[in-house]
Visitor: 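One structure is given below, represented as structure tokens, and several questions about it will come after.
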Amino acid sequence: MKASVIVSTLFGSAAIAHPGMGKAMEEIKQIAKRQFQPSTEMLGELKTLTDSQLSTTGKAIKAILLGTGSPIDTTTFYTAPSGGKDAAACKADRCCVWKYIANDMRAVMFQNGVCTNIARGSIRLGFHDAATWTKTTPIGQGGADGSIILSGTEMSRGENSALIPIGPVYTAWHNTYKSYGVTMADLIQFGAKVAAGSCPGGPRIRHFVGRVDNPNANPAGLLPSPFANASTILTTFAAKTIGPGGVVALLGAHTASRQTVIDPTQVGAAQDSTPGRWDQNYFSETINPNTPSTIVKFQSDINIANDAVTSPVWTQFTNNKAAWDTAYAAEYIRMSLMGFQDINGMVECTKVMPSVLPL
Ligand code: HEM
Ligand SMILES: *[C@@H]1O[C@H](CO)[C@@H](O)[C@H](O)[C@H]1NC(C)=O
């Protein structure tokens, strides 16, 4: 997809300008300012590499991080060669084993027309493994490094209590696939993307492998509180290179969500009327005062929905699913790379992503 096409998709029709519009043009610019703006800070070693030093994959990732490359792919598909995952033909392609993993994941992540507990937990697991990082975290001590499971202690932190059941699912997959060179860090981020796409309507997010595992617990206190005000949440995410629009896009994952710990009297209560589906009801229902109390709203979500900086983007995503999906995919790819220092050496395995499930 061309950059200009992406920009107009992100901004929706309101931002498509015609030359010579004078005053109307000024108004459109003002509206555009309030529309989603992608996060654009570079990550990892891409901060210092020159363009001529970049691999094909490095260039593709850099473009996604700049908000110009497409973060979604609905056309590149792959069939594993016959002979199974131990065949020489499979071992010759780094992505081949990931096709087997994708099949295993999709089978347990999409059932009865919705994404499952494992899918919803996987989306959140990817966030909680990666986001234990800020721009000032020493290299090798935080980010998307598998430590949420491998450390054995991160899971005992309060913010991870609802994720405890998902741990053994990933440990089992890792045990099956680690002899094929599959790291826990890659498995968790792949799982978070396959999971989003396993909720009907979810985007097919591009994926890159090569992350390195870390058995040590990442720094505590870097994940946002569900009771924080908007400025605290935006500061927390800014420290991770994610701007206000990115926060809104990522919070959209709560479209699929069912809470257990915020309101213990309503275990399993959803955050919109259609849990397990990647639709925009979460955005519209969070700002609607008449939403029934059987839908549990997080205070942090209400705060971001109503904040002066973020509410225009919230409204934009309520009305424009393509803009939200593109923004979510780009901001989540960013999340999935936090802390990693060999982005240029990654391999793109988007082709193994399962097919899109329409809403
Ligand atoms: C301000 C930021 C955020 C806060 C405070 C927050 C907080 C929470 C809380 C309290 C829950 C309910 C856990 C439970 O009771 O079981 C939850 C669920 C969830 N969160 Fe977030 N979250 C945030 C951002 C995100 C982001 C960035 C993502 C992913 C991109 C995400 C994905 C999810 C998912 C998928 C669930 C549902 C899990 C399930 O249904 O099992 N959240 N979040
Ligand atoms: C947000 O919360 C922080 C931390 O509790 C507090 O210091 C700050 O004053 C609050 N900001 C607003 C605008 O309420």
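Counting starts at 1 for both ligands and their atoms, following the listed order.
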Visitor: Hey, does Ser300 come in under 3.5 Å of ligand 1, counting only N/O atoms on both sides?
Guide: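 N/O-N/O distance under 3.5 Å: no.
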Visitor: Based purely on interatomic distance, does Thr260 place a nitrogen or oxygen under 3.5 Å from a nitrogen or oxygen of ligand 1?
Guide: yes
Visitor: Is atom 9 (O) of ligand 2 near the protein, in the sense that some protein heavy atom lies at less than 4.0 Å from it?
Guide: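 Given the 4.0 Å cut-off, atom 9 (O) of ligand 2 does not count as touching protein heavy atoms.
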Visitor: Donor-acceptor pair, Gln280 side chain versus Phe317 backbone, under 3.5 Å?
Guide: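 Side chain of Gln280 to backbone of Phe317: a pair is present.
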Visitor: For Thr232, take its heavy atoms, then give the atoms of ligand 2 lying under 4.0 Å from any of them.
Guide: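 Those atoms are 1 (C), 2 (O), 3 (C), 4 (C).
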Visitor: Determine yes or no for a side-chain-to-main-chain donor-acceptor pair under 3.5 angstrom, with Lys240 supplying the side chain and Ala131 the backbone.
Guide: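 The answer is yes, because a donor-acceptor pair under 3.5 Å joins these two groups.
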Visitor: Pick, from Glu159, His254, His128, the option with the minimum heavy-atom distance to atom 33 (C) of ligand 1.
Guide: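 It is His254 whose heavy atom sits nearest to atom 33 (C) of ligand 1.
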Visitor: Would Val261 count as a polar contact of ligand 1, with the cut-off being nitrogen or oxygen pairs under 3.5 Å?
Guide: yes
Visitor: Is a side-chain donor or acceptor of Ser161 paired with a backbone partner of Gly158 at a separation under 3.5 angstrom?
Guide: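 The answer is yes, because a donor-acceptor pair under 3.5 Å joins these two groups.
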Visitor: Using distance alone, determine whether Arg258 and ligand 1 share an N or O pair under 3.5 Å.
Guide: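 By distance alone, the answer is yes.
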Visitor: Is there a path of hydrophobic side-chain contacts, each under 4.5 Å between heavy atoms of I/L/V/M/F/W/Y residues, joining Val114 to Ile118?
Guide: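 No, separate clusters.
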Visitor: Would a search of protein heavy atoms around atom 5 (O) of ligand 2 find one under 4.0 Å away?
Guide: no
